[in-house]
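Report on the structure given below.
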Number of protein chains: 2
Amino acid sequence: MAMSMSATKLPGGLQRAAAIGRDVPCRFCQVRGKAFCGFADSGDLSLLEGVRSYREYRAGDTIVRAGARIGFVGTLVAGTALVSARTQRGSRRIAGLLFPADGFGHPEGARAAPHAIEAATDVVMCSIPHRDLQAMAVSLPRVTGRLLAAAKKEREGAQRWSAGLDTLSVRARLAHLILTVARSQNPLAGIGAFPDLSPSQGFPDRIYLPLSRGAVADYLGVSREAAARQFDRLVADGLVALEQRRQLRILDPERLRQAALGREFRGDFGDQRLPAARAHRYAGCA
Amino acid sequence: MAMSMSATKLPGGLQRAAAIGRDVPCRFCQVRGKAFCGFADSGDLSLLEGVRSYREYRAGDTIVRAGARIGFVGTLVAGTALVSARTQRGSRRIAGLLFPADGFGHPEGARAAPHAIEAATDVVMCSIPHRDLQAMAVSLPRVTGRLLAAAKKEREGAQRWSAGLDTLSVRARLAHLILTVARSQNPLAGIGAFPDLSPSQGFPDRIYLPLSRGAVADYLGVSREAAARQFDRLVADGLVALEQRRQLRILDPERLRQAALGREFRGDFGDQRLPAARAHRYAGCA
DNA sequence: CGTAGAATTGATATATATCAAGCCTAGTGG
DNA sequence: CCACTAGGCTTGATATATATCAATTCTACG
């Protein structure tokens with residue numbers, strides 16, 4: 001499980017992660033104030049400090065296997081993880097994304113999760129055993145409340161359904177994903193009331209996409225090729241620029257937001273056609 | 001709100017419903033034993049009897065408006081209701097179906113539901129105010145536990161997402177819907193351990209589809225035309241027969257189940273092609 | 001009957017799956 | 001340091017499911 005992470009080789013977000021050692025006290029934690037432990041009082045915090053442990057994973061590693069009963073609650077400190085499931089026909093569905101400060105697992109106790117957690121990038125995770133969580137008697141309600149809220153993202157798929165994202169075009173869903181990632185990389189996120197999407201709100205214009213194209217495709221529920229082509233179109237239409245494969249720049253936040261709503265209209269030069277339609281499925285029949 | 005329901009004119013399930021008057025005691029209730037109140041002890045049951053009231057709705061009526069805070073928990077006694085939401089672009093999404101014995105609303109208290117409940121057919125609903133529910137001190141935990149379970153269907157959309165239904169072909173989703181409806185009309189449902197889909201388990205071969213074509217389309221997330229055409233194909237392929245618009249007969253449960261899984265293969269005469277693909281979207285741009 | 005809304009059918013457009021190369025990049029071994 | 005390689009990614013060509021538009025049929029109801 002131990003591995004040597006050389007900070008220079010790791011992508012974007014992880015360079016910071018590598019700086020976080022096992023010895024960093026909680027009060028200097030990268031995600032302190034954002035994660036569920038942000039409301040722990042000083043007594044509980046020192047308790048936590050004794051029982052939490054960091055674990056590191058490489059991109060592609062499985063952090064929690066589907067159906068496994070885990071004896072801890074996890075919090076991402078650095079990197080991005082995928083909440084994934086497998087179709088009967090073998091394809092992967094990605095129900096949600098976990099960004100730093102996001103948690104997973106149930107504070108109540110070990111409950112078999114229906115989906116797996118996998119590392120999309122190299123990941124540093126903070127793990128706290130259930131039994132030790134019980135010891136935090138005083139602020140437990142407050143803390144577990146936050147924890148439950150943090151772990152909600154584990155069920156993000158449900159939100160995507162109820163938001164009707166599944167009936168939007170792939171273009172719209174990709175735009176939505178990009179905005180989601182951008183929001184997660186907003187340095188002010190979680191501090192102000194609502195991290196908005198305007199640059200004035202600290203919305204970053206250059207973002208690191210912590211997903212492989214394959215992961216993007218599985219998140220959007222489309223083929224890899226379709227995902228790639230939609231990137232092309234967003235670039236061709238001038239909404240974003242690709243500086244590296246996973247490094248992109250948001251050129252036109254407003255139009256990107258419209259795209260994410262499926263509400264684009266022909267611009268002044270508009271010869272790109274309206275995305276007129278639909279979604280997808282998957283073969284992968286064994 | 002009061003309306004005269006003449007039993008002869010109402011479709012299938014409702015003929016029974018009309019026989020249920022306001023005066024029928026709980027112990028003779030159609031859904032007694034299936035609904036959340038099935039575990040109430042005799043004391044609580046007589047309490048319930050004093051506070052519950054039936055309400056009747058016509059097909060198309062809105063039972064609960066989206067975003068409304070309701071002061072009761074509802075249980076369907078007869079008919080079928082839709083858990084629906086509206087897209088920003090104006091189209092209707094149906095997140096779930098409520099069949100007799102299914103409940104909605106939160107026992108905790110009035111919480112604004114994000115979606116509306118509408119009557120797909122004529123509906124008889126049993127309503128119990130929150131405050132009266134509180135009075136059921138003794139078996140409250142048991143009852144509210146069941147209630148929460150019953151109300152889960154309100155969030156069915158989430159399950160559909162996590163089951164990966166959204167990436168299946170329309171044919172598969174329609175087959176799934178038909179099986180769901182059939183299961184709901186299984187007279188043994190909720191009595192045996194797992195109501196299976198085999199005729200030997202009381203699985204009905206003739207079912208009443210309690211949804212208009214438009215509702216089917218909105219449930220599947222496709223256009224009305226597409227929904228109609230998929231009905232055609234299921235009939236042409238001999239999986240089901242349409243006796244009336246909403247009255248169908250399941251001819252080949254096994255293949256229907258395969259279809260619902262998107263696992264069909266060419267049969268011996270097979271010239272129907274495999275459903276090779278995808279989902280949909282929606283225009284409806286105002 | 002005649003009308004209105006629902007449902008179907010037909011024709012066409014198009015987004016995306018799928019198959020098949022080709023390319024780019026990081027890692028590997030000489 | 002450089003070819004080699006493998007996997008991820010992109011591009012191209014084609015097939016097809018479904019949206020969309022338009023017209024017709026069905027059904028319920030006056």
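Bear in mind that the values here come from a model prediction, so they are computed numbers and not experimental data. Sequence lines set the chain letters: A, B, ... in the order given, protein chains first and strands last, and positions in each chain run from 1.
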Next item on the list: Under the side chain to side chain contact (heavy atoms under 4.5 Å, CB included) rule, collect the residues that match up with B:A260, sequence neighbours excluded.
Entry: B:A175, B:H176, B:L179
Margin query: Using the salt bridge (Lys or Arg N to Asp or Glu O under 4.0 Å) criterion, which residues pair with A:D205? Sequence neighbours excluded.
Written below: A:R249
Notebook entry, point to check: With sequence neighbours excluded, what pairs up with A:Q244 under the side-chain hydrogen bond (donor to acceptor under 3.5 Å, both in side chains) test?
Noted result: none
Next item on the list: Output all residues satisfying side chain to side chain contact (heavy atoms under 4.5 Å, CB included) with B:A215, sequence neighbours left out; order by chain, then residue number.
Entry: B:L82, B:R92, B:I94, B:L211, B:S212
Notebook entry, point to check: Looking across every strand, which nucleic acid part, if any, lies under 4.0 Å from B:Q244 by heavy atom: base, sugar-phosphate, or nothing?
Noted result: nothing
Next item on the list: Using atom CD of A:Q247 as one end and atom C1' of D:dC9 as the other, report the distance to the nearest whole Å.
Entry: 17 Å
Margin query: Please enumerate all residues that pass side-chain hydrogen bond (donor to acceptor under 3.5 Å, both in side chains) together with B:R206, with sequence neighbours excluded.
Written below: B:E243
Check: With respect to the phosphate group of D:dT18, does any side-chain polar atom (N or O) of B:Q230 fall under 4.0 Å of OP1 or OP2?
Finding: yes
Check: Regarding B:E118 and B:T62, is there a side-chain donor-to-acceptor distance under 3.5 Å anywhere?
Finding: no
Next item on the list: Nearest whole angstrom, please: distance from the C1' of D:dA19 to the CG of B:D218.
Entry: 14 Å
Distances under 3.5 Å between protein N/O atoms and the N/O atoms of nucleotides 5-10 of chain C, please, pair by pair.
unit_1	atom_1	unit_2	atom_2	d
C:dA7	OP1	B:R213	N	3.2
C:dA7	O3'	B:R245	NE	3.0
C:dT8	OP1	B:R213	NE	3.3
C:dT8	OP1	B:R213	NH2	3.1
C:dT8	OP2	B:R213	NE	2.9
C:dT9	OP2	B:D232	OD1	3.2
C:dT9	OP2	B:D232	OD2	2.5
C:dG10	N7	B:R229	NH1	3.1
C:dG10	O6	B:R229	NH2	3.3

